[in-house]
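No experiment lies behind these values; they were computed from the predicted model shown.
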Amino acid sequence: MSTTNGQWYPPEWPERIRLLSAGELTPVTPRRAATVLLLRDGPVGRDGDGGRGGEPAPETPAAAPEATGAPEGAEAPVEGVRDGAGGPGGPAVYMLRRRASMAFAGGAYAYPGGSVDPRDERMVTWAGPSRAQWARRLGLDPGEATQAQAIVCAAVRETFEEAGVLLAGPTPHTVVADTTGDDWEADRAALVARDLSFAEFLDRRGLVLRSDLLGCWARWITPEFEPRRYDTWFFVAALPRGQRTRNASTEADRTVWIRPGDAADGYDRGELLMMPPTIATLRQLRAHGSVAEALAAAADRDLTPVLAQARVENGELVLSWPGHDEFTKHIPGATGGSST
């Protein structure tokens with residue numbers, strides 16, 4: 001196991017794992033959350049140092065595929081996003097660095113995202129696969145169509161809140177071309193402050209949520225010993241034509257467009273701090289040469305939740321993530337029983 005990479009590993013985890021193994025810690029129920037890997041075929045960050053700093057380079061429109069990777073029944077984008085060839089090294093992904101002062105994953109590179117707001121269940125004008133189709137794709141029970149909508153809404157809402165990018169349009173086949181200006185910023189700030197629900201925002205502007213522009217990529221659940229737990233669905237989406245990302249989040253101190261391979265290399269060198277699901281999704285994206293390829297691949301992705309397991313083995317506490325051996329940690333001096 002490498003000890004020189006950028007794996008996020010809080011110093012309090014070993015003790016919390018021991019307490020959980022001994023039955024002295026009760027896991028908290030994870031909150032449902034969504035995060036979005038925004039992709040584009042175009043330039044990367046202008047800092048040129050593997051994503052360690054700097055503002056994004058001037059942006060060009062992203063490519064959108066004929067097939068989006070959304071559940072069966074999705075409509076192909078007709079207007080607002082466009083096809084295009086991938087750049088050298090494949091598509092770029094938008095990442096932000098969480099402020100070091102953040103209680104959870106401070107200093108780590110991540111994607112725009114956050115928790116589901118209970119008001120995300122309110123009905124919105126909807127384009128793309130039905131809510132029931134999304135429930136099946138997300139691995140929810142058949143009766144959780146409303147909860148499936150909430151997860152998709154959270155993905156779209158959080159992307160607008162944290163990156164200024166909105167996957168919605170005036171019709172089921174269009175996407176807004178520009179989200180800059182004082183009026184947009186006022187609405188975005190009201191969403192962040194929870195003074196405005198996402199349903200109210202869309203209704204006020206006469207917008208249709210474009211669920212067909214999202215493809216679901218993975219699902220990870222924060223380990224049981226972590227006090228802040230999230231059941232998170234990872235989505236992929238193309239940056240809509242005409243829209244620009246910006247660091248709109250108070251939780252981030254830096255943003256960058258970077259090739260997944262370059263970001264993974266920075267992690268391997270110990271230069272970029274990341275949580276396991278972040279680096280895992282980057283390694284998976286690395287295999288795709290364009291946005292279109294990545295979104296098409298989303299339809300076949302396995303969404304079995306990844307949840308860390310802790311066990312005692314030869315006097316050591318072993319922390320592992322099923323299917324992801326690179327994150328395994330061996331903690332000496334373990335006591336107590338085993339836990340998953």
Side-chain angles (χ1 to χ4, degrees), residues 32-36 38 62 64-65 67-82 112-138 140 142-181 183-216 233 235-243 248 295 298:
R32 284 178 170 172
T35 191
V36 176
L38 279 175
T68 65
E72 181 182 357
E75 299 179 55
V78 175
E79 185 178 335
V81 288
R82 71 178 189 184
S115 300
V116 170
D117 181 336
R119 299 176 300 172
D120 289 331
E121 295 185 4
R122 295 181 181 178
M123 294 301 293
V124 299
T125 306
W126 184 274
S130 69
R131 293 160 177 83
Q133 287 174 311
W134 269 110
R136 289 194 294 272
R137 177 62 184 134
L138 298 177
L140 302 180
E144 292 189 280
T146 302
Q147 289 76 18
Q149 174 196 287
I151 294 165
V152 173
C153 280
V156 176
R157 174 181 52 76
E158 288 283 345
T159 303
F160 179 58
E161 289 182 11
E162 297 196 345
V165 171
L166 183 60
L167 302 175
T171 74
H173 306 295
T174 59
V175 181
V176 294
D178 184 12
T179 59
T180 60
D183 58 334
W184 285 102
E185 176 55 26
D187 280 349
R188 192 199 65 79
L191 286 169
V192 172
R194 299 297 181 258
D195 294 332
L196 181 69
S197 74
F198 194 53
E200 292 169 332
F201 164 72
L202 293 175
D203 183 64
R204 175 190 296 176
R205 289 187 170 268
L207 295 176
V208 180
L209 185 142
R210 292 290 305 275
S211 80
D212 55 319
L213 298 184
L214 289 165
C216 201
W233 282 263
F235 295 86
V236 290
L239 177 69
R241 181 169 59 191
Q243 294 193 37
L295 294 184

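The heavy-atom pair separating V36 from A237 by the smallest distance is CG1-CB, 4.1 Å. The shortest non-hydrogen separation linking V208 to P170 is CG2-O, 4.1 Å. Residues S115 and A154 come closest through the heavy atom pair O-CB, 4.3 Å. Across every non-hydrogen atom of R205 and D187, the tightest pair is NE-OD2, 2.8 Å.
Checking side-chain atoms of R157 against main-chain N and O of S197 turns up no donor-acceptor pair under 3.5 Å. Side chain of E162 to backbone of T159: no donor-acceptor contact under 3.5 angstrom is found. Judged by distance alone, the side chain of R210 and the main-chain N or O of G128 form no donor-acceptor pair under 3.5 Å. The backbone N or O of P112 lies less than 3.5 Å from a partner atom in the side chain of T35, making a donor-acceptor pair. Distance alone, capped at 3.5 Å, is enough to place a donor-acceptor pair between the Q243 side chain and the V176 backbone. For the pair E121 (side chain) and Q149 (backbone), a donor-acceptor distance under 3.5 Å is absent.
How far OG1 of T125 is from CG of D203: 6.5 Å, rounded to the nearest 0.5 Å. How far CD1 of I151 is from OG of S211: 13.0 Å, rounded to the nearest 0.5 Å. Here the straight-line distance linking atom CH2 of W126 with atom SG of C153 works out to 5.5 Å at 0.5 Å rounding. One distance of note links CG of L202 with CE of M123; it measures 12.0 Å at 0.5 Å rounding. To the nearest 0.5 angstrom, F235 atom CZ is 5.0 Å from L138 atom CG. Distance CZ/R188 to CG/L166: 12.0 Å, rounded to 0.5 Å.
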Is there a salt bridge (charged side-chain N to carboxylate O under 4.0 Å, His left out) between D117 and R122? Walk through the geometry before answering. CA-CA 10 Å; D117 181 336; R122 295 181 181 178; over 6 Å; no

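Proximity of L295 to L214: side-chain heavy atoms (C-beta onward) are nowhere separated by under 4.5 Å. Looking only at side-chain heavy atoms (C-beta outward), Q147 and R131 stay at 4.5 Å or farther from each other. Annotation: side chain of L209 is not in contact with side chain of L167 (no heavy-atom distance under 4.5 Å).
With sequence neighbours excluded, no residue forms a side chain to side chain donor-acceptor pair (under 3.5 Å) with R136. For T146, there are no side chain to side chain donor-acceptor pair (under 3.5 Å) partners two or more places apart in sequence or in a different chain.
At least one test fails for R32 against the ring of W233: distance under 6.0 Å to the centre or angle within 45° of the axis.
Ring geometry for F201 against F160 counts as parallel: the plane angle stays under 30°, on a 0 to 90° scale with 60° as the upper cut.
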